[in-house]
Engineer: 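Below is a structure I'd like to ask you about.
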Amino acid sequence: MIDGGEAIRKLALNVARYTGLAPLAKPFIGGIGAILMLHRVTATPEKPDSVNRHLNIAPGFLDAVIADMKASGYAFVSMDEAVERIKVGGKGGEFATITADDAYRDNMTEALPVLEKHGAPITIYVAPGLINGTADLWWDVVEDVVNARDSLTLTRPNGPLTIDCSTPAKKLQANARLHAYLTSEVREEDLQAVLRDLARSNGVDADGPRQRTLMSWNEIRSIAAHPLVAIGAHTINHSNLKRLSEADARHEIGAVRDILQAELGEKPSHFAYPYGYASAVGCREVGFVRDAGYTSAVTTRHGVLRAEHSGFLHALPRISVNGRYQSLAHIRTMLSGVTTPLANAGKMVVTI
Ligand SMILES: [Zn+2]
């Protein structure tokens, strides 16, 4: 799950402004390749107007993106191969690798046929807690709660807070307010309990979104056996690692490998930081992931890959294929590298 807010809107504005410049800039700042980031891939989302619709693209758009990138010379490779290519500074030509976070069932039913058509590998990052129910797709549950009510009351230590959800505009604000509440006011360790309380008291099933949209272990085992698919780790409980103690963060990063090995028979070698933005991953977390022995780790920071990333294999940026902006021009502009420094205060080599 990623931030669907201000950063992406700003980036979209910049993309629109720089689209004409992109073809000229690409030879100079296009970098050596890109890691694409997906979440859901479905033509029939349950809630087409969802506040979380940035997390979903249509399979037809995925097809178009891969075809377009192939036509312009990108080789689609596995994450293992991408790491090898980064290590040698991109010799061997421009490459792309596809990643998908959270293990949505539609990755199997709707994305995989597209990937098979193109022979394009994918790494799917799994948080076992989301599959087992020790963690929730809280952003979906929040949306369901807000949609269910005209008004909500949060019981907080410093007094109750009533949130107006009576109109579509108020519902948008209420979603943002609840995101801020759950990701900054509530302790990371308490997030699930607070969310489930909120869901229960408003008549919403907190398990619904997980069970409806994520794969079961049997489904994950089945997709993991596919030659184009690798399973990566996404912490145990989809935790914001920066908000955890060192011991808890190291446990979320290390023990998830053992859980995935027990379920799938193989230890994952690649990692994705949940949320992946600056307030969820910093130097400390990158160090923990490196210490745990992963080959690579990806953030949700925006950027193309550059030869310099050989020194930063545990803080690799990605290009989000965002459901709100499903246009090839948008993808081409981002791949040109022109938006990389724009989204990162002038930095060309984006790490954390
Ligand atoms: Zn995630």
Side-chain angles (χ1 to χ4, degrees), residues 1-5 7-8 35-42 45 50-57 79 97-108 111 122-143 175 179 182-183 188 191-192 195 206 209-215 219-220 223 229-244 249 252-253 255-257 259-260 268 270-282 285-286 288-289 294 296-302 314-323 352:
M1 189 263 179
I2 53 162
D3 180 10
I8 286 170
I35 305 173
L36 302 184
M37 173 171 68
L38 313 176
H39 286 80
R40 300 200 59 184
V41 181
T42 177
S50 166
V51 290
N52 297 307
R53 65 185 181 277
H54 58 287
L55 298 176
N56 178 47
I57 61 164
M79 185 60 81
T97 189
I98 298 174
T99 63
D101 294 7
D102 306 335
Y104 288 97
R105 181 173 291 117
D106 53 44
N107 293 179
M108 178 175 64
I122 188 169
T123 305
I124 298 173
Y125 297 105
V126 180
L130 288 177
I131 312 303
N132 295 334
T134 59
D136 293 307
L137 291 175
W138 61 261
W139 49 95
D140 277 331
V141 178
V142 162
E143 181 178 17
N175 271 285
H179 279 225
L182 292 170
T183 57
E188 188 69 9
L191 193 154
Q192 182 173 46
L195 178 82
R210 270 189 330 100
Q211 291 169 343
R212 275 196 301 276
T213 61
L214 298 183
M215 287 187 267
E219 288 167 324
I220 296 171
I223 199 172
V229 177
I231 300 297
H234 200 35
T235 74
I236 301 172
N237 288 306
H238 205 275
S239 302
N240 180 327
L241 295 168
K242 227 179 190 177
R243 302 186 74 219
L244 295 182
E252 285 282 334
I253 292 164
V256 65
R257 299 188 86 181
I259 298 172
L260 289 173
H270 304 283
F271 184 88
Y273 302 93
Y275 312 107
Y277 40 65
S279 56
V281 47
E285 292 69 36
V286 170
F288 296 166
V289 170
Y294 289 98
S296 80
V298 292
T299 68
T300 60
R301 300 294 298 273
H302 172 80
H314 299 91
L316 299 173
R318 291 191 278 181
I319 298 291
S320 171
V321 186
N322 185 305
I352 46 168

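Both ligands and their constituent atoms are indexed starting at 1 by order of listing. Position 1 is the first residue of the sequence; numbering continues from there.
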Engineer: What do you reckon, are the aromatic ring centroids of Y275 and Y273 less than 6.0 Å apart?
Structural biologist: no

Engineer: According to ring-ring contact (aromatic ring centres under 6.0 Å, His included), who are the partners of F288, at least two apart in sequence or on a separate chain?
Structural biologist: none

Engineer: Quick check: does H39 have an N/O/S atom under 2.8 Å of the Zn ion (ligand 1)?
Structural biologist: no

Engineer: In chain order, what residues pass the side chain to side chain contact (heavy atoms under 4.5 Å, CB included) check against R40, with sequence neighbours excluded?
Structural biologist: T42, E46, N56, Y104, D106, T213

Engineer: Are any N, O or S atoms from D102 nearer to the Zn ion (ligand 1) than 2.8 Å?
Structural biologist: yes

Engineer: Enter the distance from H39:NE2 to T99:OG1 here, rounded to the nearest 0.5 Å.
Structural biologist: 8.5 Å

Engineer: Compute the angle centred on the Zn ion (ligand 1) spanning NE2 of H234 and NE2 of H238, and express it rounded to 10 degrees.
Structural biologist: 100°

